[in-house]
Each structure stands twice: as C-alpha cells, then as structure tokens.
Amino acid sequence: MNPSQAVLERLEIELRDHRLTRRNLIGYSAATALGIVGANAGAGLRSAAAQDEPQSGGVLLVSTSEEPFAPAFDSHVTTSLLTGRIGYLAYNGLVNVDSDRNVIPDLAESWENPDSQTYVFHLREGVTFHDGTPFDAEAVKFNIERVLDPATASSRAADFALIDEIEIVDPLTIRLHLSAPFAPMLSAFRRSNLAIISPTAIQNLPEGDDFLNASIGTGPFKFVSYTRGDRVVLERNEEYYDGPAYLDGIEVLIIPEQSTALAGMQTGSLHYMMQTNQEFGPQIESNPDLQLLTTPSTIWDFLAFNVTREPFTDKRVRQAFSMAIDREGIAQGIYKGLAVPAQGALSPAFGSFFRDNSDIPFQTYDPERAVALLEEAGFDFDQEIRFDTFTERPWGLVGDALVAQLTEIGVKLTVQKPDFNTFAAYFYDTGDYWLGNSSWTGGGVDPDSLMYKQFVTGGASNVSKSSNAELDDLLNQARIELDTETRAELYNQANRIAMEECYVAFLVHPNLTEGMRNEVQGYVFRDEYAGSFDGCWLVQ
Amino acid sequence: MRARFLLAKLLWTVFVLFGSSLLIFGLMHLVPGDPARAMLGPLGTPDAVAALREKLGLNDSVLKQYTTWITHAVRGDLGESILLNQSVSSLLAQRLPITLALSFYALIFALFVALPASVISATRKNSLLDYGARLTALIGVAMPSFWLGLMLILLFAVKLGVLPVFGYVSLREDPVDHLRHMVLPAITLGAAYSALIYEMNRSSLIEVLQQDYIRTAHASGIPSRLVLFKYAFRNALVPTITVIGIQIGYLMSGALLVEAVFAIPGMGRLLVNGVLSRDYPVVQGAMLVTVLIFVFANLAVDMLYTVIDPRIGRKR
C-alpha cells in the first residue's frame with residue numbers, strides 16, 4: 001500500500017463513521033502531502049483515532065539514544081540533531097518552518113524586506129522567557145551577536161555572517177542590514193537553527209563556563225532537570241504565547257540501545273522513539289500498538305573521494321567507483337527500503353528544488369561500465385587503497401556494503417573502521433584520507449545548507465577538496481538570487497556538475513524514521529527536526 | 001605479621017595506581033580525535049574545532065596536561081567533565097554506587113546459583129544432574145551478556161510483563177522498585193560469573209573430597225553432611241575465592257554492556273561515553289576508581305584467605 005493510500009483509507013473510515021473534525025482533516029492533508037506511512041492503518045489506529053478531542057494531562061516519554069553532551073542545550077552551538085531536539089522543546093525562533101517548508105511566523109509576527117539587503121522583523125508582544133526576562137528586540141540582538149561572536153564557536157555563524165548592522169527600531173521592531181543579498185537569510189532564523197535563548201541565562205553563566213545546563217527560552221515546555229545518563233525533564237509552560245500545551249510535561253529518557261527502547265515501546269513504558277534506526281522499521285510496522293512514522297528526508301549519504309590524491313585526481317576513476325555502487329541494494333538491504341537512491345545532493349523531499357537528472361550515468365549502478373572506465377584510465381588494480389568508515393550505525397553498515405561492492409569490480413581496499421571521533425579527526429579535520437563514507441544533513445530547509453559549503457572551493461565541509469570555478473560561480477549566484485525558480489535552476493546546474501565530476505558518489509537519501517505509540521495524538525511529523533510535540537496529547 | 005603483609009600490599013597498591021594513571025593518560029591521548037570535535041560534531045568547521053581545542057587547554061603538551069591532572073588528582077580533585085559540565089568526583093559519586101549495587105546483586109545471584117550447584121555436582125559427579133549443570137554453566141560462559149540481556153527483556157518484560165524493561169530507581173526512593181529494576185541486569189551480569197564460580201568450586205571440591213583427611217573423617221563415623229560442609233567445603237573455597245576476587249574486574253567491565261542494554265545510569269556508561277567523546281577527565285577518573293576497586297577487592301581476598309585458611313600469611 002502506498003503512503004497516501006493508507007491515509008486516504010483512514011479518511012474514508014473516519015468519514016463513514018462521521019468522526020471527522022477539522023483538526024483531523026488538517027492532520028490528514030498534511031500527512032498526505034508528506035507521504036507519511038501510517039503503517040498500522042488497521043485496528044490500532046482506528047481506536048486511537050476515535051479520540052477526537054484533545055485531552056490535557058499526562059507526561060510524554062520520549063527516548064533518545066544520545067547523551068546531551070556539552071554544549072547540550074546551548075542551541076546556538078550544538079550540532080547534534082538529537083540534543084538539538086530537546087532544546088527545541090523549550091525554545092522558539094523568530095520564524096518557524098511548516099510541513100511544506102514554508103517560513104511561518106513564530107516570535108516574529110511579521111517581517112518585510114524594504115530592499116534585498118534589509119530585513120525588518122515585527123516581534124510578538126507580551127512574551128517572556130521562562131526565567132521572567134521579557135522578550136524584545138534587545139534579546140534578539142543579543143542572540144544574533146552571540147552567534148556571530150567567534151568566542152562562541154557557533155557552527156551557525158556562517159548563516160548570519162552577512163549581517164553588518166543590527167538596529168533596534170523600537171522594543172518590538174528590529175532591522176537587520178546585510179552587506180550583500182542572501183537568499184537563505186529568512187529561514188536561517190527558524191526555530192531549529194537560531195533558538196532565541198534568554199539573555200539573562202547566558203549572562204549569568206558562571207565564569208569560564210561556556211555551556212548552558214538548561215534550555216531557558218520562550219517555548220511551550222520549560223526545562224526542569226537533566227540527570228546525566230538518565231533523563232531530561234520538561235514541564236508545560238503555562239504562559240506560552242500560543243496557549244499552554246496539552247501535555248503536563250515531557251521526559252526525554254537516555255536509552256543507548258535502540259533494541260531496549262523498542263522493548264520499552266512495546267510495553268508502553270515509552271511513547272516515542274526519536275531517530276529510530278531504519279533497521280527496526282519492520283518490527284515497529286508489525287506491532288499493532290505502534291506506528292512507524294517515516295518520510296523522505298533531505299539527508300544524503302555519500303562516498304567521498306579526496307580529489308587531491310592519486311588515483312582520485314582522475315575523474316574517470318571517481319566515476320567508475322561511483323558506478324560500482326548498487327544504491328538500490330543499500331536502500332533495501334541496510335535501510336530496509338526506508339531510503340531512496342540518490343542522484344545528487346538534492347533529494348525529492350526538496351520539492352520544487354528537485355530535478356530529475358537520471359540522464360547523467362555516473363551516479364547509477366553499472367559495474368560493467370565501471371570496469372571499462374577503470375581500464376580506460378589505466379587504473380592499477382593491484383594497488384591497495386585505504387577506505388575509511390566508522391563503527392556507528394548505519395554508516396558502518398553502509399561502509400561495509402561499499403567495500404563489498406567495490407571489491408566486486410576488482411578494487412583492493414584496506415579498511416579502517418574506528419569510532420566516529422577517530423574517523424572525524426582525519427576525515428573532516430586533517431583531510432588525511434583517500435576514500436571514505438559519511439552523510440550530510442542541513443536541516444532540510446534551504447538547498448544552500450546542503451551544497452554550498454560541501455562544494456565551494458575551500459568550503460568548510462568540502463571534504464573532497466574539490467575546486468571548480470564554474471561550480472563556485474553557480475553556488476555564489478544562488479546565494480544572492482531571490483527568485484526561487486531561478487535559484488532552483490542554478491542549484492540544478494551546480495548539482496549536475498557535482499554529479500558529472502563525481503567529487504563524491506551520492507548514495508541514498510535515508511528516510512527520517514521514528515516509532516510512536518498509538519495513544520500519542522496530534523503529533524505533526526515532518527522533515528525539519530522530524531516534527532514537534534507542541535500540539536500533542538495523550539489518550540489516557 | 002599480618003600488619004607487615006598489609007603494609008606491603010598497600011605500598012604495592014600505590015605503585016599500581018601510579019602506573020595505571022600513566023597508562024590510562026597515555027592511552028587516552030594516543031587515540032586520535034578529541035573532545036572539541038565531539039562537541040562540534042561533523043558540522044563543526046576545522047577552525048571552530050581548533051579554537052575550542054585551544055580554549056579547553058588541549059594544545060598544552062601531554063606532559064604538562066598529565067602533571068596538572070595528577071597533582072590535582074592526589075588532592076582528590078579529578079577535574080571537570082568537558083562534556084557533561086559537572087565535576088568528575090560528583091559524577092562518580094552519583095554513578096559509582098549504582099554500578100557497585102549492580103555488581104553486588106550480580107555477585108549475590110552468582111553465589112546463590114553457583115555454590116549449591118557446585119556442591120550437588122561434586123557430590124554426584126558424572127550423574128545426569130552434574131552433566132546438566134555443567135552444560136548450563138558452559139552456555140552461561142559462552143553467552144554474550146548483551147544478547148542474554150535482550151532475551152531476558154523480551155521474555156520477562158515484553159512477553160510476561162512482570163519486570164520493567166529499563167531504567168534505575170534508587171534504593172532510597174523505592175526499595176521494592178529498586179530491586180525490580182535490578183533483577184534482570186543482575187542476572188545478565190551474574191550469569192557468566194556464576195558459571196565461572198561453579199566450575200572452579202566444583203573441581204576444587206572434587207579434589208578435596210578425594211583427600212585422605214576426608215576419608216578419615218568418613219571412616220570415623222562423622223555424618224557425611226558435616227564432613228562435606230565443615231571439612232571439605234571450607235577448604236575447597238580458597239581457589240574459588242581467588243576466582244571471585246580476580247573476576248571483580250569482570251563485573252566492572254561487564255557492567256559497561258549491561259548498563260547500556262538496561263539504560264542504567266552507572267559508571268560503565270559514564271566510561272563508555274567518556275571514551276567515545278574523548279572526555280579525558282571522566283575516563284581518567286573512572287578508570288582510576290576502577291583500578292582502585294580492583295586492587296582493594298584483591299586485597300580483601302588476600303585478607304579473607306587468612307581467615308578461611310589460617311595457614312596463609314602465617315610465619316612458617
């Protein structure tokens with residue numbers, strides 16, 4: 001059954017039983033648009049769906065497999081998606097992003113662009129931070145300046161680097177001036193990218209302490225406690241600007257083993273599993289108490305070539321390696337079908353930015369042509385090439401598959417497979433590698449985050465160390481171009497160059513996959529941070 | 001004599017601790033990767049990583065870092081966790097009792113199963129019962145604790161629903177719930193340990209039972225129960241206690257896996273996370289404490305010998 005079919009069937013049942021409410025309808029249309037697989041459209045969902053009216057009360061128990069390491073709740077700095085999602089519960093942004101990747105108001109009620117380099121935000125009135133500090137233009141200025149301060153070491157600084165003037169017009173109006181037009185500017189202010197943190201909380205950090213121990217924002221849930229190794233506890237913010245949440249609170253339990261978390265889901269000691277490994281998909285799907293939420297993502301898995309090192313200085317060798325990879329096999333075997341083969345950097349989940357580029361042969365499985373290309377290039381089949389991957393799942397499994405497939409065409413590899421931290425030291429930092437696999441995620445809002453720093457000459461994430469003047473031009477133009485159609489065309493041209501040149505072999509776009517118990521209602525599952533518990537309630 | 005024996009042991013302990021501190025520190029700093037990278041993740045730019053490294057003092061020479069650490073450590077200051085933003089001593093104070101409790105229950109479980117089983121096996125050598133027990137023990141040693149834990153969860157928590165799947169409740173908070181949460185982890189951790197104790201006690205009991213003084217005791221008409229427990233069992237215990245002592249290390253390392261499977265916030269997980277994120281102060285502190293426990297457990301075993309077998313440690 002395809003995803004939309006499942007949703008439509010549910011809709012039919014609801015219509016027949018006259019249980020449809022406006023809220024359900026909105027939920028369904030969002031789900032249909034996203035193609036969410038309601039895996040258990042049968043009995044479990046029906047009984048849960050019978051609960052139309054939201055109920056207040058109850059604590060939602062969510063699992064994470066990762067300890068919220070420092071900088072933990074300092075969402076200006078943390079790059080961990082899982083830790084970021086805990087902070088997300090307590091923060092707002094100036095703007096947010098809806099299921100269709102449209103920018104919608106959050107702490108800014110409205111905004112305007114008097115010209116392409118100026119942004120004026122009109123802020124919501126009467127909002128206070130959890131610690132009582134009033135939210136105003138001063139607080140926004142403080143947050144932007146902190147991210148830009150090199151001492152903060154924020155990886156988001158690049159998103160705001162073009163801001164050269166911050167002017168407080170009045171307490172509820174802030175005007176930003178950019179040194180050049182920058183198309184991704186507005187979405188950079190989204191809740192998951194620039195959390196507005198209480199300036200008082202940051203100013204009160206003890207001397208020498210750069211990390212926030214608590215998430216003190218304006219969001220729907222207030223931070224209560226974080227017990228290392230155990231759980232993060234949040235309670236409802238009664239003063240939330242959009243009205244208090246239905247849930248009394250949320251507890252995020254730190255459960256390192258996903259098999260254990262899944263057992264917890266089965267017994268009801270957990271309601272929700274964040275970032276479920278795709279390998280558990282079939283198990284969740286077959287359980288009538290659970291739902292498998294899965295949606296295409298903008299993440300791309302890749303095999304990177306160090307183009308400054310032999311034999312990958314030769315484009316034909318890179319193309320051959322890329323064509324030796326069975327992407328469909330990886331999608332099915334490792335991701336249990338919860339991934340789609342990748343053609344380029346932009347996945348079908350990008351909607352209007354996605355273009356079909358299947359006419360380019362180099363990112364498609366063709367082992368015979370791969371061997372022919374290697375022979376043409378005079379490739380030495382006897383040389384041993386070092387291949388770097390790391391143990392963490394699913395990357396380690398993808399690495400194993402790549403090794404097997406490359407060995408298949410006669411390439412000899414020496415595999416190095418340490419933990420991520422060791423791998424990162426030479427793969428990302430020193431660039432001392434030949435061949436290795438990893439993946440990129442950019443928050444899935446603007447293509448810039450998934451292409452610019454990965455392919456521009458000297459880009460911070462350009463692990464291939466590629467340098468292509470034409471590609472640079474296209475990426476730089478796309479940054480300042482404000483017309484979406486033209487931008488899409490520019491990114492597509494850039495993408496085609498990256499695909500032809502094979503700076504990386506694009507592998508698959510894994511789906512975002514999470515498990516949820518049927519008693520969780522009103523949850524909006526979406527790509528950006530995989531959803532929000534804001535409007536959630538529990539059937540008790 | 002006992003005082004001198006003790007003093008020698010204590011001096012040895014200090015030496016072992018110092019040696020371990022060098023080893024732990026050296027090994028951690030030899031491994032590539034560092035906490036700055038762990039904090040910034042794959043998206044962190046090399047510049048940001050370098051800046052953070054400087055801020056965390058990771059650019060100082062390893063020798064300087066070691067001397068700073070060790071001079072503080074001898075004064076009881078194990079430093080601050082880089083990634084958990086809490087002092088290592090307070091982290092250990094929270095985590096160590098949990099791991100010790102888990103190890104204690106595992107030990108109790110192991111003894112409770114292994115000792116009676118070994119007596120039955122030794123007195124009924126080569127019987128069906130003996131074979132059964134030995135086969136079970138073999139499986140116990142061979143079974144990965146990780147797998148055993150998951151199977152126990154599936155059976156007792158998911159299928160039967162009688163015990164919780166994961167988590168930890170402190171003894172003070174709710175003693176009954178505390179025990180309920182500890183049953184499956186303790187069995188998981190204690191299974192292989194139990195099998196080892198069983199094997200050791202069985203063979204040593206069989207050996208003792210064949211000795212002349214036992215035959216003499218039987219011949220003089222002492223009831224066989226009394227012969228078994230008063231004369232044989234006690235002497236057979238000496239090698240068994242050695243195994244128990246040495247394998248305390250096994251309990252501590254086994255806790256790494258068991259705590260991960262059952263999501264117990266003990267020291268094992270603190271250590272694993274510390275290693276993966278290169279949180280040097282945490283790893284150094286936790287390792288040092290582990291070494292200390294290991295050394296003292298063995299010291300305690302040495303002392304126990306002299307109680308069980310008064311010939312040991314006495315001037316000949």
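Protein chains get the first letters and strands the later ones, always in sequence-line order, with residue 1 at the start of each.
- A donor-acceptor distance shorter than 3.5 angstrom exists from the side chain of A:Thr260 to the backbone of B:Val261, with no hydrogens or angles considered.
- With a 4.5 Å cut-off on non-hydrogen atoms, A:Ser269 touches chain B through its backbone and its side chain both.
- Of all the listed residues (B:Ile153, B:Val31, B:Leu84), the one sharing the greatest number of non-hydrogen pairs under 4.5 Å with chain A is B:Leu84.
- For the pair A:Pro256 and B:Ala260, the tightest heavy-atom approach, listed with the atom from each and the gap, is CG-O, 3.5 Å.
- Contact count versus chain B (heavy atoms, under 4.5 Å) is highest, among A:Ile254, A:Leu253, A:Val463, for A:Ile254.
- Using a 4.5 Å cut-off between heavy atoms, B:Leu270 does not touch chain A at all.
- Residue B:Tyr168: no heavy atom, backbone or side chain, is found under 4.5 Å from chain A.
- Residue A:Arg386 qualifies as enclosed at atom CZ: its count of foreign heavy atoms under 6.0 Å is above 12.
- Side chains of A:Glu67 and B:Leu83 form no contact here, defined as non-hydrogen atoms less than 4.5 Å apart.
- For the residue pair A:Arg228/B:Gln86, the side-chain donor-acceptor check at 3.5 Å is satisfied.
- In this structure, the portions of A:Asp230 lying under 4.5 Å from any heavy atom of chain B include both its backbone and its side chain.
- Of all residues in residues 274-294 of chain B, those placing a non-hydrogen atom less than 4.5 angstrom from a non-hydrogen atom of chain A are B:Leu276, B:Ser277, B:Arg278.
- Across A:Ala424, A:Ala263, A:Gly459, the residue that shares the most heavy-atom pairs under 4.5 angstrom with chain B is A:Ala263.
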request  = Mind running side chain to side chain contact (heavy atoms under 4.5 Å, CB included) on A:Glu257 and B:Leu150 for me, showing each step along the way?
outcome  = CA-CA 10 Å; A:Glu257 277 310 316; B:Leu150 287 175; 5.7 Å; no

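- For the pair A:Thr267 and B:Val158, the tightest heavy-atom approach, listed with the atom from each and the gap, is CG2-CA, 3.8 Å.
- Only the side chain of A:Tyr226 has a heavy atom closer than 4.5 Å to any heavy atom of chain B.
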